[in-house]
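Start at 1 and go down the list; that is how both ligands and their atoms are numbered. The first residue of the sequence shown is numbered 1, and numbering continues consecutively from there. Below, all heavy atoms of this structure are taken into account, side chains as well, without hydrogens, waters or symmetry copies.
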Amino acid sequence: MQHLYIHVPFCVRRCSYCDFSIAVRKRVPVQEYVDAVLTEAAALPEGDFQTVYFGGGTPSLLPPDAIERLLRELLPRATHDALRTIEVTLEANPEDVTPDHAKAWRASGINRVSLGAQSFDDTVLKWMHRSHDAAQTQRAVAALRNAGIDNISLDLIFGLPEELHRNWERDLDLAHALRTTHLSLYGLTVEPRTPLDRWISRGATQRPDEERYAGEYLLAHERLSVFGYRFYEVSNASLPGFRSRHNSAYWSGEPYVGLGPAAHSFDGTTRRWNLRAWEAYRRAIAAGRSPIESEERLTDEQSALERIYLGLRTAEGVAVAALRRPSPPPYLAAQGWVELRDGRLKCTPEGWLRLDSLVSELTMQTEIRS
Ligand code: SF4
């Protein structure tokens, strides 16, 4: 049993902070895209999937019948009943969630939707170049529930530049008011060659502030735990029983298959990734060539390091026996960055804020800056 990721690279415009591999299109080349993905899939050995995840890009730009065709052909053995036990997630932008789309998605087997809400402040959404407003997010959640999709996640971005006067606590409260089952919180990062990077270079906006980032991250832990959410990974919190099964598979090192441009696959030892650009991917498939750009076989050393890194991202942490050191340096716990319980080392929210340094400390014995 594996996990299937399908990358849909199309977006109507580029958000100000985004450096993902996307293709900006007013009109999505639906037929070409679906045919290309199904051609790539034909080379895979037959198998059943526990989870399917349409990520992007903006998968909700695909018409519902294209999503239905992909699911039908990629899961040929899944009966309607079997589809209930598979987690099938669609990433969607709020403006694409109409009552008709939501009903069609549900009928095709989608049972979880991850909405790119980002904020409930319309000024902030405009600054981000998002094409929805806060009211559309609220309507989208209602439309999904009316269609029978109750497992809904919201993405929110924190750590925005001060001059936006974004009220993070208000956004958390509005997210809580919608009572979605899952929340993913991402700190804003400035990636090279994005509009945000250019605005900062010419002094039109400020670089996000580290203190604000840390303060908002810790505030989210505080508020969301009061509301009944539990952080089960550094960026993800859910109500009990609603963790993302698909993303949890990545963090526990399970095999997965990726289809579409820029998609990654992992068989337990080797990671492969496809050509990033839609055009390059499309041309490779049309010419009968493999769309794989490259691959790396993990050494035992790399696998061990990756297990530690992925484990520390999660609430379960890592077994102390798996670490390089016989016991973690006591000052990590004294600073309140880790907890040692039942033979496992787990990050606290403060620890998650310095996850990379912690992993270095535990594996390469470098110094951590507080
Ligand atoms: S919708 Fe998502 S993938 Fe598309 S440009 Fe915005 S952030 Fe990037």
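For the pair E279 and R25, the salt-bridge criterion is met [side-chain N within less than 4.0 Å of a carboxylate O]. A salt bridge links E169 with R223: the closest approach of a Lys/Arg side-chain nitrogen to an acidic carboxylate oxygen falls below 4.0 angstrom.
In this structure, S303 has no side-chain hydrogen bond (donor to acceptor under 3.5 Å, both in side chains) partners at least two apart in sequence or on a different chain.
Put simply, CZ on R166 and CZ on F120 are 9.5 Å apart, with the number rounded to the nearest 0.5 Å. Note that OG of S114 is 11.5 Å distant from NE2 of H246, once rounded to the nearest 0.5 Å.
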Atom pairs and distances, donor-acceptor, side-chain atoms in residues 283-295, under 3.5 Å, two or more places apart:
| from | atom 1 | to | atom 2 | distance (Å) |
| --- | --- | --- | --- | --- |
| S290 | OG | I292 | N | 3.0 |
| E293 | OE1 | W273 | NE1 | 3.4 |
| E295 | OE1 | R272 | NE | 2.9 |

Extract all donor-acceptor atom pairs below 3.5 Å that involve side chains of residues 150-157 and protein atoms in other chains or at least two apart in sequence.
| from | atom 1 | to | atom 2 | distance (Å) |
| --- | --- | --- | --- | --- |
| N151 | OD1 | T181 | OG1 | 2.8 |
| S153 | OG | H182 | ND1 | 2.8 |

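The atoms of ligand 1 that sit less than 4.0 Å from any heavy atom of Y17 are 7 (S). Within ligand 1, the atoms closer than 4.0 Å to a non-hydrogen atom of R130 are 1 (S), 6 (Fe), 7 (S), numbered from 1 in the order shown.
Assignment of M128 to the shell around ligand 1 is not supported, since no heavy atom sits closer than 4.0 Å.
Ordered by chain and number, C11 SG make up the set of protein N, O or S atoms under 2.8 Å of atom 4 (Fe) of ligand 1.
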